[in-house]
Amino acid sequence: MNILFTCAGRRNYLLHYFRDALSGSGRVLAADSNKNAAAMIEADAAFLVPRVESPDYIPTLLTLCEQQKVGMLIALNDNELFILSEAKHRFRRIGTQVVVSSPGVIALAADKLATADFATELGIATPASYLHVDTALKAVEQGELCFPLFVKPRWGSASLGVECVNDIDELRWAWQLGLRRLPRNSLQPYAAREDGLLIQNALRGQEYGIDVVNDLEGRYQTTFVKRKLGMRSGETDQAVTENCPELVALGRRLGEALKHVGNLDCDVFMGAGKPCLLELNPRFGGGYPFSAAAGADVPSALIAWAKGKAPPLHWDAIRHNVMSSKCERIVSINRSATPVSEETPSVKSPYETTANNFATTPMALFR
């Protein structure tokens, strides 16, 4: 089985996890619109593709999957989840399993207000949410809402445009600034100004990340729990795995209710022994490496499910109290990917490389 990562970016570690899981029975491929993306350099084959918003994005990926006999496609970017979900049947026709949830799940997770409403319907605590600054100010005046507060895009990603405010003046300022920056920071750039921003109360307690894993049919399998020790640019930077029955139970409720596909990355706060759900990310998130470091092997499970087999024993046997921390490393960029096109000739050798001429060179396979 060949596995393709789209919007591969900096997720080098995922390439290594899946390469280990394949054990030589397939290749790990990467696609990105940035030829210098770090994951492109460490893939077995790297391909330059259009940006996600291009009308050629899906046709290009279809061509790539057919040419390279891709059995599984892993989407890594919030911006591509919905369009890949809608096109899932087109990939299935050429034998490619796209590990992505239904459009309904993608839409619910992308909309922070919808996420809060979903949690409330399940009886799960969630932040108080306000769609307009005047409503929030009134709640503050009546003592129903207390600072600090967060002003954020309702359809946001990677903590872009999120402002923490501590008084009324900061709230008004952040609201106006957020409206001005909304087209740049929202997953829906053209969302109406009156409903594109959200104000939520800051949550108290300890922040956790949980990976809720369903199989490819949306059936709940397991939950991995990590206590966050540090954050960096909206992503977990340090964490320790824990045995927390309350959060495992929460994961089961979420997995069974959503019936998502694959990994669901969730941000949760625990205060007074009660979980409060903040966000849902239906994909591999930045917190998954901490599960992997403690023994989780979701890649092996996904590969087995895609082949119609049972996953290996103990793929979900995570060790508790495993503390891990991320660090930066340098990847030497000395090779390049080439564009995908219907005229691209087949490649004879998996070790072929080319010059940095994207207009004339055929598809290049690295390493």
Side-chain angles (χ1 to χ4, degrees), residues 1-9 11 14-15 18 21-22 26-33 47 49-111 114-115 118 155 157 187-188 211-221 254-266 280-285 288 298-309 311 340 342:
M1 176 180 290
N2 296 330
I3 299 175
L4 173 66
F5 290 89
T6 54
C7 293
R11 305 295 194 190
L14 282 175
L15 273 65
F18 275 83
L22 285 170
R27 295 183 300 149
V28 174
L29 318 177
D32 204 286
S33 60
F47 304 92
V49 297
R51 292 178 61 84
V52 170
E53 61 268 20
S54 168
D56 295 325
Y57 186 64
I58 293 298
T60 301
L61 290 183
L62 285 165
T63 298
L64 175 56
C65 288
E66 191 165 22
Q67 289 178 343
Q68 298 299 316
K69 296 180 174 58
V70 173
M72 180 183 295
L73 186 153
I74 309 288
L76 298 180
N77 189 288
D78 290 332
N79 294 280
E80 65 175 340
L81 295 180
F82 191 82
I83 59 175
L84 279 170
S85 180
E86 287 194 314
K88 198 171 182 177
H89 64 285
R90 299 173 64 184
F91 287 89
R92 188 179 298 115
R93 285 200 295 264
I94 62 172
T96 301
Q97 172 79 54
V98 181
V99 183
V100 68
S101 297
S102 68
V105 170
I106 302 301
L108 186 153
D111 182 347
T115 298
F118 165 75
W155 292 275
S157 178
L187 289 175
Q188 294 193 10
D211 291 313
V212 183
V213 184
N214 281 4
D215 66 16
L216 296 177
E217 301 301 321
R219 294 173 296 220
Y220 174 78
Q221 300 297 315
L254 292 173
E256 292 178 347
L258 285 171
K259 295 180 172 56
H260 65 277
V261 171
N263 198 72
L264 176 73
D265 175 84
C266 308
L280 303 172
N281 301 289
R283 54 172 171 75
F284 279 106
Y288 177 73
V298 176
S300 288
L302 289 174
I303 293 170
W305 291 326
K307 293 180 178 180
K309 300 179 179 180
V340 177
E342 293 184 1

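Here, residue 1 is the first one in the sequence, and each next residue gets the next number. From a predicted model like this one, the values you see are computed outputs, not experimental measurements.
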Restricting to non-hydrogen atoms, name the atom on [X] and the atom on [Y] that form the minimum distance, rounded to 0.1 Å.
| X | Y | answer |
| --- | --- | --- |
| Met1 | Gly71 | CG-CA, 4.0 Å |
| Leu84 | Ala75 | CD1-CB, 3.5 Å |
| Gly262 | Leu302 | CA-CD2, 4.2 Å |
| Val212 | Cys266 | CG2-SG, 4.0 Å |
| Asn263 | Gly285 | ND2-N, 4.2 Å |
| Pro311 | Trp305 | CD-NE1, 3.4 Å |

Output the distance between atom [atom1] ([X]) and atom [atom2] ([Y]), rounded to the nearest 0.5 Å.
| X | Y | atom1 | atom2 | value |
| --- | --- | --- | --- | --- |
| Leu64 | Lys69 | CG | NZ | 12.0 Å |
| Gln67 | Ile94 | CD | CD1 | 10.0 Å |
| Arg11 | Thr6 | CZ | OG1 | 12.0 Å |
| Glu86 | Ile106 | CD | CD1 | 10.5 Å |
| Phe284 | Phe18 | CZ | CZ | 4.0 Å |
| Leu254 | Tyr220 | CG | OH | 9.5 Å |

Less than 4.5 Å apart, any side-chain heavy atom of [X] and any of [Y]?
| X | Y | answer |
| --- | --- | --- |
| Phe91 | Leu62 | yes |
| Leu108 | Thr115 | yes |
| Val298 | Asp211 | no |
| Asp265 | Tyr288 | no |

Polar side-chain atom of [X] near backbone of [Y] as donor-acceptor pair, under 3.5 Å:
| X | Y | result |
| --- | --- | --- |
| Lys307 | Ala304 | no |
| Thr60 | Asp56 | yes |
| Asn2 | Gln68 | yes |
| Asn214 | Gly255 | yes |
| Tyr57 | Ile83 | no |
| Lys88 | Val100 | yes |
| Ser85 | Ser101 | yes |

Original post:
Checking side chain to side chain contact (heavy atoms under 4.5 Å, CB included) for the pair Ile74/Leu14: CA distance, chi angles, key distance, verdict?
Top reply: CA-CA 10 Å; Ile74 309 288; Leu14 282 175; 5.6 Å; no
Original post:
For atom CD of Gln221, is the number of surrounding heavy atoms from other residues, nucleotides or ligands below 6.0 Å larger than 12?
Top reply: yes
**OP:** Only one of Leu258, Asp111, Val105 passes side chain to side chain contact (heavy atoms under 4.5 Å, CB included) with Phe118; say which it is.
**Re:** Leu258
Subject >> Carboxylate-amine/guanidinium contact Glu217 Arg219, below 4.0 Å >> reply: no
Original post:
Per the side-chain hydrogen bond (donor to acceptor under 3.5 Å, both in side chains) rule, which among Asn281, Asp78, Asn77 passes with Ser157?
Top reply: Asp78
